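Here is the structure we will look at, set down as structure tokens.
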Amino acid sequence: MTTNTLTSETIAKDILPLNGTDHIEFYVGNAKQAAHFYQTAFGFKLVAYAGPETGVRDRASYVVQQEKIRLVLTTAIYPDSEIAQHVHQHGDGVKVLALWVDDAEESFRSTVARGAKPAMEPKTITDEFGEVKMASIHTYGETIHTFVERKNYNGVFMPGYVARTSELQVEPVGLKYVDHCVGNVELGRMNDWVKFYEDVMGFKLLLTFDDEDISTEYSALMSKVVSNGNGYIKFPINEPAEGKKKSQIDEYLEFYRGPGVQHIAVATNDILHTVAELRRRGVEFLKVPEVYYEDLIERIGHIDEDMADLRKLNILVDRDDEGYLLQIFTKPVEDRPTVFYEIIQRKGAKSFGKGNFKALFEAIEREQALRGNL
Ligand code: FE2
């Protein structure tokens, strides 16, 4: 009985049903080369393309995919475009966190009614494979959420794109799906954005980290995690906190020129394999010192993995009430110290690696110091 009540309550309260992450679109300086990087370094496969050759005059977009993770890499063809301005301002960065929905028009209408700022009115695009309905709203900074309804479409991505494969033979590295996407916002704005996700998007506050949880000798940050009704979408929101020196969030905000997506966490079922492959292909990771591993077993208890393998690959471990997780963070994947990736394997744990924050932030600060930004 209790379960039934809970279930119906959950459904009743899910004012914005989301099926998952549809895709993440980056605006970049050179999409052709970015697509090559994601193929050779991260094991994505090229699946679709749109550009001048396919009748799209102002941009070129490459769609790369690995299991459920779909990235769209878009570049401007002309200087006087919104894409070129975005890249000029932010460097390569995430423009769209697209959400897969059953009803794009209703998702747009209801979120706008609850206060969302419209970015693109609902539109339907068609080709020989069917139709896709889309609409967009603004979130923090210049980032937008696009609602994508694709139940009447069976093409490779969406109308306007053609299927495209590459001569490049790439093996996937085992990345499965987007676990969470983190946004950095300005000092004092975290709670406003949490409220936006709660009130407008029907998300729930899952976790709160304050500067006591997340501080080193030099810098601090605060973070709140919001999650949608079915838990498929998780958005941690960070803001800087007062510290002795410039925090990693301040550094991001300075170089991204405002709020934006800080990191995308992608899940694997075999982090040892995934990280060994990524390293072999040249992906750079943050380094935690050897001392991290010295009392790790005492801190987290038994784990299935071999400690020597974790140490060799510099993978971090954390435990919560429900299990444990393994994680590692890349260095920024562009020249500005902005967007990076997290590789995560969950073995029961639903949290975010709080026990690793101190070791991680000290590693980030060493990188900040090398850049002259600490
Ligand atoms: Fe994360």
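This is a predicted model, so every value here is computed, not measured. We use all heavy atoms of the structure for the numbers below, so side chains are in, but hydrogens, waters and symmetry mates are not.
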- Would you mind listing every ring-ring contact (aromatic ring centres under 6.0 Å, His included) that reaches into residues 290-314, with sequence neighbours excluded? none
- State, without any angle test, whether D318 and N356 hold a side-chain donor-acceptor pair at a distance under 3.5 Å. no
- Message: Can a side-chain donor-acceptor contact be found between K224 and N191 if the only test is distance below 3.5 angstrom?
- Response: yes
- Query: Tell me the salt bridge (Lys or Arg N to Asp or Glu O under 4.0 Å) pairs involving residues 111-124, sequence neighbours left out?
  - Reply: none
- Show which residues join V56 in its hydrophobic cluster (side-chain heavy-atom contacts under 4.5 Å, direct or indirect), or state none. none
- Between the side chains of Q345 and T268, is a donor N or O closer than 3.5 angstrom to an acceptor N or O? no
- Tell me, which pairs form a ring-ring contact (aromatic ring centres under 6.0 Å, His included) where one or both residues lie in residues 116-150, sequence neighbours left out? H145-Y197, H145-F235
- Query: Should side-chain heavy atoms under 4.5 Å link Ile, Leu, Val, Met, Phe, Trp and Tyr, which residues sit in the same cluster as I83?
  - Reply: Y27, V87
- Report yes or no: does D320 contribute a side-chain atom to a donor-acceptor pair with the main-chain N or O of G323 at less than 3.5 Å? yes
- Note on the structure: Cluster membership besides I344, Ile/Leu/Val/Met/Phe/Trp/Tyr side chains within less than 4.5 angstrom, sorted by chain and number, is L325
- Query: Applying ring-ring contact (aromatic ring centres under 6.0 Å, His included), which residue pairs with at least one partner in residues 260-280 are found, sequence neighbours left out?
  - Reply: H180-H263, H263-F329, H263-F340
- Message: Assigning hydrophobic clusters by single linkage (Ile, Leu, Val, Met, Phe, Trp, Tyr; side-chain heavy-atom cutoff under 4.5 Å), is I343 placed with L286?
- Response: yes
- Message: Is a donor from one side chain sitting under 3.5 angstrom from an acceptor on the other, for N238 and Q262?
- Response: yes
- Query: Is a side-chain donor-acceptor pair under 3.5 Å present for H90 with E142?
  - Reply: yes
- Query: Any side-chain donor-acceptor pair under 3.5 Å between E334 and T338?
  - Reply: yes
- Message: Within the supplied structure, the quantity of interest is the number of heavy atoms (other residues, nucleotides, ligands) at a distance under 6.0 Å from D306 CG; does it exceed 12?
- Response: yes
- Just jot down the side-chain contact (heavy atoms from CB on, under 4.5 Å) partners of N19, sequence neighbours excluded, or say none. W100, D102
- Selection residues 72-95 - residue pairs positive for salt bridge (Lys or Arg N to Asp or Glu O under 4.0 Å), sequence neighbours left out: E82-K95
- Residues clustering with Y78 (ILVMFWY side chains joined when closer than 4.5 Å, directly or via others): I77
- Task: Output every pair passing salt bridge (Lys or Arg N to Asp or Glu O under 4.0 Å) with a member in residues 159-172, not counting sequence neighbours, ordered by first then second residue.
- Result: none
- Message: Just by distance, no angles: are the side chains of D127 and Y153 close enough, under 3.5 Å, to form a donor-acceptor pair?
- Response: yes
- Task: For residues 360-374, pull every pair meeting side chain to side chain donor-acceptor pair (under 3.5 Å), keeping only residues two or more places apart or in separate chains.
- Result: T216-E365, S219-E365, E251-R371, E251-N373, K358-E362
